[in-house]
Amino acid sequence: MRRGYAGGGATLTVGFFLLVAILFPFAIGPDALLLARIGGGVIWSAALLAALLPVERLIAPDLDAGVFDQLAVRGQSLAGVAAAKIVGHWLAFAPPVMAAALISAGLLGIDAATLLAIEAGLAIGTPGLAALAVATGALTAGLRGAGAIAGIIMLPLAIPLLIFGAGAVDGSGGGLKLLAAVSLLLVAGAPFIAAAAIRVGME
């Protein structure tokens, strides 16, 4: 979590998120009704792209420094360490994104009820994005061009979150339930995938 906020990490995430949200109106035009209608999808797309930014810094620095070797020698479960990484990354990633969504809602002309549904969706879906980012960071740690490879791995796997997150903008309970199911599945499975990838990286 400290690493996420250090060196302007949170500022970079918020700045990138807002930049994506600002570019959409330039591309689509000044149609306020259209922007308000697609605003939820725009915010979810911006959140997904912003989630890619810190992937290279989540696992690789600790793997290179031998932190995981020391934890393994002390008997710590790598899956537990990966779960802690997910929690820390979520705390560093989700609050800035949810705050930036408030600003983006004003830029896109989104009403209060829709904004509330978007924030609820982000609160439910961002743990899944954080879990996916940590697992992707573990899978790509030590690889040349890890940033580009991370995008290729992470973006397709995040499509269900994007679909159900944008679909839940209308406040329907079904959309939020599907989003919660996908997010829970990612949170439950990512620590074991990350632990296996870290174990391979340690050898």
### Message
So which atom in Ser183 and which in Gly128 form the shortest heavy-atom distance, rounded to 0.1 Å?
### Response
OG-N, 3.0 Å

### Task
State the CG-CG distance between Leu58 and Leu63, to the nearest 0.5 angstrom.
12.5 Å

#### Entry: Those residues that, when tested against Ser45, pass side-chain contact (heavy atoms from CB on, under 4.5 Å) (two or more places apart)
Leu162

### Message
So, taking the atom named CD1 in Ile124 and the one named NZ in Lys177, what distance separates them when rounded to the nearest 0.5 Å?
### Response
11.0 Å

### Summary
Nearest heavy-atom approach of Glu119 to Met98 is OE2-O, 2.8 Å

### Query
How close do Leu115 and Ile110 get, heavy atom to heavy atom, and via which atoms?
N-CG2, 3.7 Å

### Query
Do Trp44 and Leu122 come within less than 4.5 Å of each other through their side chains, counting heavy atoms only?
yes

#### Entry: Non-hydrogen side-chain atoms of Glu56 and Thr140 separated by less than 4.5 Å
no

### Query
Going through the checks in order, is the side-chain contact (heavy atoms from CB on, under 4.5 Å) test met by Met154 and Val55?
CA-CA 10 Å; Met154 183 172 171; Val55 167; 4.0 Å; yes

### Query
CG of Asp62 to CZ of Arg57: how many Å apart, nearest 0.5 Å?
12.0 Å

#### Entry: Side-chain donor or acceptor of Ser77 paired with backbone N/O of Gly80 under 3.5 Å
yes

### Task
Verify side-chain contact (heavy atoms from CB on, under 4.5 Å) between Val134 and Ile59, making sure each step is shown before the conclusion.
CA-CA 7 Å; Val134 170; Ile59 299 295; 4.1 Å; yes

### Query
When clusters are formed by joining ILVMFWY residues with side-chain heavy atoms under 4.5 Å apart, either directly or through shared neighbours, do Val200 and Ile193 land in the same one?
no

### Message
Using 0.5 Å steps for rounding, measure from the OG1 atom of Thr126 to the CG atom of Leu48.
### Response
12.5 Å

### Query
Shortest non-hydrogen contact from Val187 to Ala131?
CA-CB, 3.8 Å

### Query
If Ile, Leu, Val, Met, Phe, Trp and Tyr residues are connected whenever their side-chain heavy atoms lie under 4.5 Å apart, and connections chain through other members, are Leu116 and Val42 in the same group?
no

### Query
Do the side chains of Leu157 and Val182 join up, straight or via other hydrophobic residues, at under 4.5 Å, putting them in one cluster?
yes

### Task
Taking the side chain as every heavy atom from C-beta outward, state whether Val14 and Val97 have any pair of such atoms under 4.5 Å apart.
no

### Pair Phe17-Ile103, side-chain contact (heavy atoms from CB on, under 4.5 Å): steps then yes or no
CA-CA 10 Å; Phe17 182 99; Ile103 302 173; over 6 Å; no

### Task
Calculate, to the nearest 0.5 Å, the distance between atoms CG and CZ belonging to Leu179 and Phe164 respectively.
8.5 Å

### Message
When you group the ILVMFWY residues by side-chain heavy-atom contacts below 4.5 Å and let the links chain together, are Ile43 and Ile159 in the same group?
### Response
yes

#### Entry: Leu102 with Phe93, same ILVMFWY side-chain cluster at under 4.5 Å
yes

### Message
How close do Pro191 and Ala79 get, counting heavy atoms only, and between which atoms?
### Response
CB-O, 3.5 Å

#### Entry: Ser104 side-chain N/O to Ala100 backbone N/O, donor-acceptor pair under 3.5 Å
yes

### Message
Is there a side-chain contact between Leu52 and Thr136 in this structure, where contact means two heavy atoms from C-beta onward sitting under 4.5 Å apart?
### Response
no

### Query
Is there a side-chain contact between Leu78 and Arg199 (heavy atoms, below 4.5 Å)?
yes

### Message
Please find the pair of heavy atoms, one from Gly121 and one from Leu176, that lie closest to each other, and give the distance.
### Response
CA-CD2, 4.0 Å

### Query
Hey, are the side chains of Pro127 and Ile86 touching, using non-hydrogen atoms and a 4.5 Å cut-off?
no

